[in-house]
> 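Dumping the structure here so I can ask a few things about it.
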Amino acid sequence: MKKKTASRFLVTAVLLAVPSVPAGTAAAATPDRYTGQQVVWGACPFPVATGAKPAECAVITVPRDWADPESGVDLSVSVSRVAATGERLGALLVNPGGPGGQGSSLAGALAGLEPSVNERYDFIGMDPRGTGHEGTADTGFACQVPVGRLPQGPLDARDRSAASIAEHRKTPRAIAEACQSDAVAPFVTTWQTAHDMDLIRMLLGDEKLNYLGYSYGTWLGAKYASLFPSHAGKVVLDSSVDFEGRLQAAFEAFPQIGQRQTDEVFVPWLARQFPGQLGASPAEVKQKIERLRGFYAGLGVAPDQFDALFVGNGNEIRWILVAAVLVAGAGELDGEPAQAPAALAGPLDTESTAVFGKRLAQLTGADVAAGLAAEPDYRKVSGTRYAVACGDQPTRTAAWYRRLSDRQGPLYPIFGWAYGLTEPCGFWSDRPRQTLAGLPPEVAGNVLVVQGEFDPQTGYEQARSAVRAAGVPLVSVDDAAFHGQYALGGNPCVDGMVNVFLVANSRPGSATCPGVPLPGEDRVFPVAGPVTGSHTATVSAAAGDPALRTAVRHSIGELNGGR
């Protein structure tokens, strides 16, 4: 098995003024050379995951600029299809989020997890413009960042000296300038991708396009419905941003929602699972984590890199990996061998071996440090991630983000100090070429939002704000700590509500589903939070391959895991 790169999981991301074009308006009708192209389905270039259904793939041609499709400059977009196995209701296009996530393989995975939906729908995957072609060497729009522009040495955002702040701001400035220097950057936006989606609808021969999106995919789906209300079918938005507000606000909330999940859910879980190694109470665990921050700093791990362990910590695999790092370090601090509860021993060994090359019992602080201390390679970063996040709407200034850091740091120390100093959108100078409108009333009746209570990547309050503004129902998942609920959480309540909406055309009203137990546990430990609705507790097993569910949730979560 190829060894994973630790910094992939643990990076603290730093993630032509023109007249605005009204939302939904293109400069000209779509030329026949796009709408008349033949879609040639064939074998997909990526492997089929265990439990997933095999898909067929094709590449379609799209104009680089939908506002000027006659310009003659084209892009290519990969799509996949898992055909309906029964009487077809239509196509269900799926998106994993990001921005910048490839979605071709997601169609087969979700079709395998939800066969009753695949009976009635073609599952359609898509690698959005700028993301390349999944399974090939083409990884998409990449920003070439000069190494000499990047900071040298370990960083600690708690250090508020002028020198520290200046070093932190080098990376986001360099990323923003490198990405904007690429000619494709202004055309890698949600507005453009939504037009690609409608071309896919036309090429499939459907009057309506149904949609399922996670994370940033909720923004994309809502904006497609806003731009093409007469062609939007059923729309499921899972782990939602505030699609009626600002996309950048979802990232600005990372310090708050990450701190909440850590303090209210993750740390208590650590205390229950590892009382002998990390502490028998949340207070003791927090003290041990602080000691481990210093311990790993002594081994060469940048404090910012250690803090990034807890940022966007939204899936089972990340929790297990972070626990392995903490337990291994605690063993050395206390002079005792690392131990694991029986229910977690297997997963801990699996992740420790995959990332650090050793089982947990053999893992040393030096092994962990060798993985965590590796600086992220910013020489070639995802341009799609920043072109969309910073280019969809007007951005705040770098000075505004610096003040945000000063405000959030004392309240949310895990990531509050660092975030405002490391946001490339603060240095983004290009203005959006199009505007994006809110969800129109005529499509609100076809939208359903699903949201976990303690999601550390898209906060519950963001989803709640969106549904209130748009007038659509919200399925809340009580005590849910992870990112991605439908088909991925093993929650029969959530899956049942969404499936009835898609297959039986019966949309639920706002409702609350119970959460499911956390890794290694057989019951839910309730936590007070923003979900207040009542529910009937149940932890019955959901259908589908548990390993596939975990893997897909992990891949979706890692698209934005460190922000």
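Only heavy atoms go into these numbers, but all of them, side chains included; no hydrogens, no water, no symmetry mates.
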> Mind checking the CZ-CH2 spacing from Arg246 to Trp219? Nearest 0.5 Å is all I need.
9.0 Å

> Checking Asp196 now: which residues fulfil salt bridge (charged side-chain N to carboxylate O under 4.0 Å, His left out) with it, not counting sequence neighbours?
Arg129

> For the residue pair Asp304 and His168, establish whether any side-chain heavy-atom pair is separated by less than 4.5 Å.
yes

> Kindly compute the distance separating CD (Glu264) from CD (Gln259), expressed to the nearest 0.5 Å.
9.5 Å

> Quick check against the 3.5 Å criterion: does His554 have a side-chain atom that pairs as donor or acceptor with the backbone of Thr550?
no

> Locate the shortest heavy-atom distance separating Val531 from Glu453; write the atom from each residue and the value.
N-OE2, 3.0 Å

> Please round to the nearest 0.5 Å and tell me the distance separating atom CZ of Arg160 and atom CG of Asp406.
5.0 Å

> Which heavy-atom pair separates Thr171 from Pro151 by the least distance, and what is that distance?
OG1-CD, 3.0 Å

> Are Glu244 and Arg464 within salt-bridge range, i.e. N to O under 4.0 Å?
no

> Please check if any side-chain donor atom of Asp392 sits under 3.5 Å from a side-chain acceptor atom of Thr189, or the reverse.
no

> Is there a donor-acceptor contact under 3.5 Å linking the side chains of His483 and Asp455?
yes

> Just to verify, which of Val188, Thr193, Thr384, Val388 counts as forming a side-chain contact (heavy atoms from CB on, under 4.5 Å) with Pro128?
Thr193

> Please name the pair of heavy atoms, one in Ser226 and one in Pro440, separated by the smallest distance, quoted to 0.1 Å.
CA-CD, 3.6 Å

> Without hydrogens or angle criteria, can the side chains of Asn313 and Gln261 be said to hold a donor-acceptor pair below 3.5 Å?
no

> Begin with the C-alpha distance, continue with both residues' side-chain angles, and end with the deciding distance and a verdict on side chain to side chain contact (heavy atoms under 4.5 Å, CB included) for Val449 and Val475.
CA-CA 6 Å; Val449 178; Val475 176; over 6 Å; no

> Under a 3.5 Å distance rule, please check whether Thr395 uses its side chain to pair with a backbone N or O of Cys425 as donor and acceptor.
yes

> With a 4.5 Å heavy-atom cut-off, do Pro303 and Arg158 have their side chains touching?
no

> Using the side chain to side chain donor-acceptor pair (under 3.5 Å) definition, which of the options Trp400, Tyr419, Tyr401 pairs with Glu252?
Tyr401

> Counting distance only, does the side-chain N/O of Gln102 pair as donor-acceptor with the main-chain N or O of Thr131 below 3.5 Å?
yes

> Under the ring pair (Phe, Tyr, Trp, His ring centres under 6.0 Å) rule, what do Trp417 and Tyr412 come out as? Steps first, then yes or no, please.
CA-CA 8 Å; Trp417 293 115; Tyr412 320 117; over 10 Å; no

> To the nearest 0.5 Å, what is the distance between OG on Ser240 and CG on Leu474?
8.5 Å

> State whether Glu461 and Arg260 are salt-bridged, where the test is any N-O pair (Lys NZ or Arg NE/NH1/NH2 against Asp/Glu carboxylate O) under 4.0 Å.
yes

> Under 3.5 Å, is there a donor-acceptor pair between the side chain of Lys223 and the main chain of Ala194?
no

> Heavy atoms only: give me the nearest Tyr296-Val325 pair and the separation to one decimal.
OH-O, 2.7 Å

> Partners of Asp156 by salt bridge (charged side-chain N to carboxylate O under 4.0 Å, His left out), sequence neighbours excluded?
Arg293

> Can you list the steps and then say if Val450 with Asp238 is a side chain to side chain contact (heavy atoms under 4.5 Å, CB included)?
CA-CA 5 Å; Val450 181; Asp238 189 310; 4.0 Å; yes

> Is there a side-chain contact between Leu220 and Thr218, using heavy atoms and a 4.5 Å cut-off?
no

> Just one of Val498, Leu448, Val500 clears the side-chain contact (heavy atoms from CB on, under 4.5 Å) bar with Pro508, so which one?
Leu448

> Could you verify whether a donor N or O on one side chain and an acceptor N or O on the other, from Tyr216 and Thr190, lie under 3.5 Å apart?
yes

> Hey, are Ser476 and Gln451 close enough side-chain-wise for a donor-acceptor pair under 3.5 Å?
no

> Can you see which heavy atom on Gly515 is nearest to which on Val524, and at what distance?
O-CG2, 3.5 Å

> Can you check whether Phe427 reaches Gln180 side chain to side chain, under 4.5 Å on heavy atoms?
no

> Mind checking the CD-OG spacing from Glu134 to Ser104? Nearest 0.5 Å is all I need.
5.5 Å

> Any luck finding a side-chain donor-acceptor pair between Thr512 and Asp478 under 3.5 Å?
no

> Take Met197 and Phe228 through the test side chain to side chain contact (heavy atoms under 4.5 Å, CB included) and record every step on the way to the result.
CA-CA 10 Å; Met197 291 166 56; Phe228 301 98; over 6 Å; no

> Any sub-3.5 Å donor-acceptor pair from Glu316's side-chain atoms to Pro519's backbone N or O?
no

> Check whether the side chains of Asn499 and Glu114 place a donor and an acceptor atom closer than 3.5 Å, and report yes or no.
yes

> To the nearest 0.5 angstrom, please state how far the CH2 atom of Trp428 sits from the CZ atom of Arg173.
14.5 Å

> Is there a donor-acceptor pair closer than 3.5 Å between any side-chain N or O of Gln393 and the backbone N or O of Leu247?
yes

> Taking the side chain from Gln192 and the backbone from Phe187, do they hold a donor-acceptor pair closer than 3.5 Å?
no

> So, Asp495 and Tyr486: side-chain donor and acceptor under 3.5 Å apart, yes or no?
no

> Which residue, Asn95, Val236, Val94, Val447, forms the side-chain contact (heavy atoms from CB on, under 4.5 Å) with Tyr211?
Asn95

> Short question: side chain of Thr397, backbone of Gly426 - any donor-acceptor pair under 3.5 Å?
no

> Using ring pair (Phe, Tyr, Trp, His ring centres under 6.0 Å) as the criterion, point out the one residue from Phe454, Trp319, Tyr214 that pairs with Phe482.
Trp319

> Looking at side-chain heavy atoms only, is the closest gap between Phe310 and Ile289 below 4.5 Å?
yes

> Indicate yes or no: does Arg149 engage Glu177 in a salt bridge with an N to O separation below 4.0 Å.
yes

> Among side-chain atoms of Ser215 and Gln457, is any donor-acceptor pair under 3.5 angstrom?
no

> Would you say the side chain of Ser105 lies within less than 4.5 Å of the side chain of Ser80, judging by non-hydrogen atoms?
no

> Do Leu488 and Leu113 have side chains that get closer than 4.5 Å, going by heavy atoms?
yes

> Side chain to side chain contact (heavy atoms under 4.5 Å, CB included) between Leu518 and Val265: does it pass, once the steps are laid out?
CA-CA 9 Å; Leu518 295 171; Val265 189; 3.9 Å; yes

> Looking only at non-hydrogen atoms, find the nearest pair between Arg318 and Leu309 and report the distance.
NH2-O, 3.1 Å

> Are Pro96 and Leu559 side-chain neighbours, meaning at least one heavy-atom pair lies under 4.5 Å?
yes

> I'd like to know if the side chain of Gln462 and the backbone of Val241 have a donor-acceptor N/O pair within less than 3.5 Å.
no

> Look only at the side chain of Asn210 and the backbone of Ala91, and say whether a donor-acceptor pair between them is shorter than 3.5 Å.
yes

